[in-house]
Amino acid sequence: MTLQTFTDEPDHVSALRATLQRFLAEHAPREARQAWDKAARWPRDVYSKLNALGLTALTVPEEFGGAGQDLVAAIAVIEELAAGGPCLAGPFIHTSFYGGMNLSENGSPEQKAEFLPRLAKGELFFAYGLSEPNVGGDLASVETRAVRDGDEVVINGAKRWCTGADWADYIYCLVRSGPAEDRYRNLSFVLVPTKAAGVTMQDIEHVNLRYTHSQDVYFDNVRLPVSAIVGGEAMWNKGWKLLAGRALDVEKLEISAVALGIARAAIDEAWGYAQERVQFGKPISQHQAIRHKLVTARTKWQAARHMLYHAAWLANEGRPCSVETSMAKLFVADMGVEIALICQQVMGSYALSDAYEMERHVRDLLSMPIVGGSSDMQKNNLASLMRL
C-alpha cells in the first residue's frame, strides 16, 4: 500500500491553532505560566474558559456527544497548549486522552453511554494507574491484585506516578487479575473512583511537567462493582489487549505532541533573544556560531513535526501505525532534548534564570525520553514490531 506522505493541514486545524494562540496570549501570559509552574498547580479558572471552546470533544464519537474523533486536530491542540507550558495541556490530556480516547476505544457500551458525554463536555478527569513501585516499563509484571468476589472486584496494592490522581475523578488502573506467571493473559483494567473507600494517596514532587504533582496511590480492599471493569465483565483478564491497542498508539502521539510544543516554545524564545541580545557590536543572531545553532534546532524541530503528524494522520485514518507512533515518540523526545540544550546554549546564563522560561523548557524536555514510554522501551518495541 502506498501511504500519503504530504498533505496540507486542514483548514479547521489551522483555525484551531489561531484560536488557541489568541487564547494563550490573553489568558496565559509568561508571568502566570511561571507562577503556575512554581506552585505545581494548573489554573482552574483559566481552564474553565478553555473548556468552553469544546476541545475535549475531539476524541469522542458523535453518537456520544463528541465532535467525532479527529486525532490530527486533538494532537494540534496539545501542541499549541504545550507551547504555553504544561499547565493547560495537562488537564486537557487527562480528559480527552486518558478518558475520552481510552473509553471510546475500550469502554463497554454502558461505560461509553455513562462517561463519554461528560468527557466530551470536559466534565471529568482521568488519571493513569500503570506504573508501580516495582514496575516501570514491564507492565505485564504489575503486582496490584484484583480478585472477583461475587458481583464485586476487590483491589489491593499500590500505584506510582499517578499524575493528577489527587484531583482526577477516576484512575484508569491496570491490575493483576490472575496468576502472575501467566503475565499477559491475566491483566485487567478497572475504573477506580478516586474517592472510593480504601483509596489513599501521597504526593510525589518532580521537577518536570509541573502542572501538578504525581501520586503514590494505595488500594486497601477497594471494592467496586464488576461494571467498573473496563470493557465490561467479558474483558476480565483481557487487559493486555486493551493496553496494546490503538489507544496506546495514540498515547505515544499525545506525549510526543507535548514535547513538540515545548520544543517550539524553546526555539521561539531563543530565536527572539538572539535577535535582541547585542554582543561585539551586533545582535548575536548575526554571529555564525549562534545562527548555526538556531538553524539546526529549527531543522530538528521540523523533522520531528513531520514524523509526529504523519503518525497522527495514520492513526486518524485507522491504518496500522504502531511502528510510526513508536518512531515518533522516540524521535520527537530525543530531538526535544537536543533542541533544549541548543537553545540553552544560545541564551547562556539567562537560560538558568527566571527572567525567561528557558529553564522550564529545558527541565520539561529533558524528561521526554523517560515519560510516556522511555526511548529505550520504544527501541525494544520497534525491534519486536520489525521482527529484528
Side-chain angles (χ1 to χ4, degrees), residues 14 17-18 20-40 76 78-89 206-211 256-309 330-371 375:
S14 297
R17 290 185 187 278
L20 289 169
Q21 288 166 12
R22 290 192 297 269
F23 182 92
L24 291 173
E26 180 178 356
H27 299 290
R30 177 175 66 85
E31 294 79 7
R33 297 194 298 262
Q34 290 176 306
W36 299 332
D37 174 74
K38 288 181 180 179
I78 294 175
E79 181 198 336
E80 293 300 329
L81 292 177
C87 286
L88 295 175
H206 44 85
V207 300
N208 65 303
L209 300 177
R210 288 175 52 85
Y211 65 96
S256 299
V258 173
L260 190 75
I262 296 171
R264 192 182 87 200
I267 293 171
D268 287 347
E269 187 168 53
W271 200 277
Y273 174 89
Q275 293 176 313
E276 296 171 358
R277 176 70 166 169
V278 175
Q279 291 290 283
F280 302 102
K282 59 184 177 181
I284 64 172
S285 62
Q286 294 181 20
H287 293 286
Q288 187 181 71
I290 300 299
R291 294 163 70 87
H292 285 187
K293 289 182 188 298
L294 291 172
V295 168
T296 296
R298 187 75 76 182
T299 301
K300 290 177 182 292
W301 185 88
Q302 187 76 348
R305 184 181 188 278
H306 284 312
M307 183 165 281
L308 171 61
Y309 281 98
L330 170 65
F331 188 79
V332 178
D334 287 357
M335 286 303 99
V337 172
E338 294 185 22
I339 289 168
L341 296 179
I342 289 171
C343 293
Q344 185 184 57
Q345 291 169 4
V346 167
M347 294 183 64
S349 59
Y350 285 103
L352 307 176
S353 75
D354 62 1
Y356 293 88
E357 295 183 271
M358 188 59 67
E359 60 88 19
R360 188 188 77 240
H361 300 327
V362 172
R363 280 191 279 116
D364 288 345
L365 288 169
L366 286 177
S367 74
M368 288 301 166
I370 299 172
V371 300
S375 290

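When every heavy atom of A89 is checked against every heavy atom of A82, the shortest pair comes out as CB-N, 3.8 Å. When every heavy atom of V332 is checked against every heavy atom of A304, the shortest pair comes out as CG2-O, 3.7 Å. Considering every non-hydrogen atom in both C87 and Y211, the closest pair reads CA-CB, 3.5 Å. Annotation for W301 and L260: closest pair NE1-O, 3.0 Å, computed over non-hydrogen atoms. Heavy atoms only, all atoms of each residue included: L365 and A259 are closest at CD2-O, 3.5 Å. Scanning both residues, L308 and A257, for their nearest heavy atoms gives CD2-CA, 3.7 Å.
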Evaluate the criterion side chain to side chain contact (heavy atoms under 4.5 Å, CB included) for residue pair M368 and I262; output intermediate values, then yes/no.
CA-CA 10 Å; M368 288 301 166; I262 296 171; 4.2 Å; yes
Assess the residue pair Q286 and Q275 against the criterion (side chain to side chain contact (heavy atoms under 4.5 Å, CB included)); give the C-alpha distance rounded to whole Å, side-chain angles, the decisive distance to 0.1 Å, and a yes or no.
CA-CA 8 Å; Q286 294 181 20; Q275 293 176 313; over 6 Å; no
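Remark: the backbone N or O of A28 is paired with a side-chain donor or acceptor of R33 at under 3.5 angstrom. Distance alone, capped at 3.5 Å, is enough to place a donor-acceptor pair between the H206 side chain and the N208 backbone.
Using cut-offs of 30° and 60° for the angle between ring planes, the Y273 and Y350 rings count as tilted.
Separation of atoms NE2 (H306) and CD (Q302) is listed at 4.0 Å; rounding is to 0.5 Å. Separating the CD atom in Q279 from the CD1 atom in I290 is a distance of 10.0 Å, to the nearest 0.5 Å. The distance from the OG atom of S375 to the CG atom of D334 is 3.5 Å, given to the nearest 0.5 Å.
With salt bridges taken as basic N to acidic carboxylate O contacts below 4.0 Å, one links D37 and R363. Checked for salt-bridge contact, D364 and R210 miss the test: no charged N lies under 4.0 Å from a carboxylate O.
Side-chain contact between V278 and I284: absent, with no pair of heavy atoms (C-beta onward) separated by less than 4.5 Å. When side chains are defined from C-beta on, V258 does not count as touching L81, because their heavy atoms never get closer than 4.5 Å. Side-chain contact between R298 and D268 is present, with heavy atoms from C-beta onward closer than 4.5 Å.
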Pair up each side-chain donor or acceptor in residues 338-347 with any protein partner under 3.5 Å, not counting sequence neighbours, and list the distances.
residue, atom, partner, partner atom, Å
E338, OE1, K300, NZ, 2.7
Q345, OE1, K293, NZ, 3.1

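A 6.0 Å sphere centred on CD of E31 holds more than 12 heavy atoms belonging to other residues, nucleotides or ligands. Within 6.0 Å of the CZ atom in R30, the count of heavy atoms belonging to other residues, nucleotides or ligands exceeds 12.
For the pairing with R264, the side-chain contact (heavy atoms from CB on, under 4.5 Å) check across H361, E80, E269 returns one residue only, E80.
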